[in-house]
Number of protein chains: 2
Amino acid sequence: MTSFTNSEAYQVIWHIRRLFRLLAARSDEHISDLGVTSADRAVLEFLYPEHAFTVPELAVRYRVTRQHVQVTVNRLLKRGLVEQRPNPRHLRSKLIRLTSRGRKLFETILGRDQEAVTALFGGLPAGCVETTHNTLRTLLERLEGDPQ
Amino acid sequence: MTSFTNSEAYQVIWHIRRLFRLLAARSDEHISDLGVTSADRAVLEFLYPEHAFTVPELAVRYRVTRQHVQVTVNRLLKRGLVEQRPNPRHLRSKLIRLTSRGRKLFETILGRDQEAVTALFGGLPAGCVETTHNTLRTLLERLEGDPQ
DNA sequence: GAATAATGACAATCTAATTGTCATATTAGG
DNA sequence: CCTAATATGACAATTAGATTGTCATTATTC
């Protein structure tokens, strides 16, 4: 017998939706001057700091179509923020990873975010943040593990 | 001295982003057969169960442009899911509220969501959900209260 | 070695949302 | 009470992120 109400759980969902919109708006302000779109940013985030994935792999992780990721990755390649590396498991589909420029740029993004995050979370009891983190991670794992 | 790490706080943000995308996809599957878009849904959610707002008021709440809400509300009006009521504070700008059909429809949506939510949250300790709820609400209030 | 599947590229389309504009109605100030 | 400033609704064009569909080519598997 869990004793949280359905409405409480539902509100968590609702808050996630609202927070996303507000955070996205805030975050875009932070990084718009860097010429990085939120799609770019998502890919950079998956690759940071030293991960290497193929385009189709990124698409699976990001849960979008490979075509969409392809366009984003091509844009990042052109800007020299990511690079292709030989893929031992697949001759044609190269591994994508950050260049040092890309890593540096994403660290700039991270730094700005962290500032904002620090301000946003300031004064919250540590336990709350930890519990929230763990709860959200659990939800995420459940949703990701069961991709309908 | 708060003792959560910045990275922990940052992960909360990151999780919110990922959860939003997964939840949105999941939620859209639930309601797509009802002919309700996510914009429709957001408006219905604001009006449920008995709230009445003008279009500009809804736009402020939803943090989108009034033009966008206008289009959505017009669509809902045409479908008979919301209705206009005289506004004591403004002659021209009517109050929008749910019709009984709209309320019923949104309850269907709610019901489906609740099922999914129950499945998703099943087995989580009640305290975690409550703490998460409160933490997210606080973040939301901070972001909403300080609209840049 | 042939059949099947995966990849990259490209085009068209979609949806949620934005910005800009206009006429008109409404409100608030003098 | 009248005028100036503002708010509203309607409409058009555009944007961004993403989808679906298609095609040629390359890999993988049987």
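Sequence lines set the chain letters: A, B, ... in the order given, protein chains first and strands last, and positions in each chain run from 1. As the structure is a prediction and not an experimental result, all values here were calculated from the model.
Within the 4.0 Å cut-off from OP1 or OP2 of C:dT19, not a single side-chain nitrogen or oxygen of B:Thr65 is found. Listed pair A:Tyr62 / D:dA18 meets the phosphate criterion, a side-chain N or O lying under 4.0 Å from OP1 or OP2.
Using a distance-only test at 3.5 Å, with no hydrogens or angles considered, no donor-acceptor pair links the side chain of B:Asn87 to the main chain of B:Leu95. A donor-acceptor pair is defined here as one N or O able to donate and one able to accept, closer than 3.5 Å; no such pair exists between the side chain of A:Asn74 and the backbone of A:Val71.
The interatomic distance linking A:Arg75 (CZ) with D:dG17 (P) rounds to 7 Å, in whole Å. C:dT18 atom C1' lies 17 Å from atom CZ of B:Arg63, rounded to whole Å. Distance CD1 (A:Ile96) to P (C:dT7): 12 Å, rounded to an integer number of Å. Between the C1' atom of C:dA28 and the CZ atom of B:Arg89 lies a distance of 17 Å, rounded to the nearest Å.
No more than 12 heavy-atom neighbours from other residues, nucleotides or ligands sit within 6.0 angstrom of CZ on A:Arg61.
Here B:Thr72 lies out of heavy-atom contact (under 4.0 Å) with every strand. Contact annotation for A:Arg41: no contact, since no heavy-atom pair falls under 4.0 Å across all strands.
Expressed to the nearest 0.5 Å, how far OH of B:Tyr48 lies from CD of B:Glu107 amounts to 3.5 Å.
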Assess the residue pair A:Thr37 and A:Asp40 against the criterion (side-chain hydrogen bond (donor to acceptor under 3.5 Å, both in side chains)); give the C-alpha distance rounded to whole Å, side-chain angles, the decisive distance to 0.1 Å, and a yes or no. CA-CA 5 Å; A:Thr37 70; A:Asp40 292 339; 3.2 Å; yes
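A donor atom on one side chain and an acceptor atom on the other are found under 3.5 Å apart for A:Thr135 and B:Thr132.
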Where protein sits on nucleotides 3-14 of chain D, one letter per nucleotide: B base, S sugar-phosphate only, - none, heavy atoms under 4.0 Å: ----BBBBB---
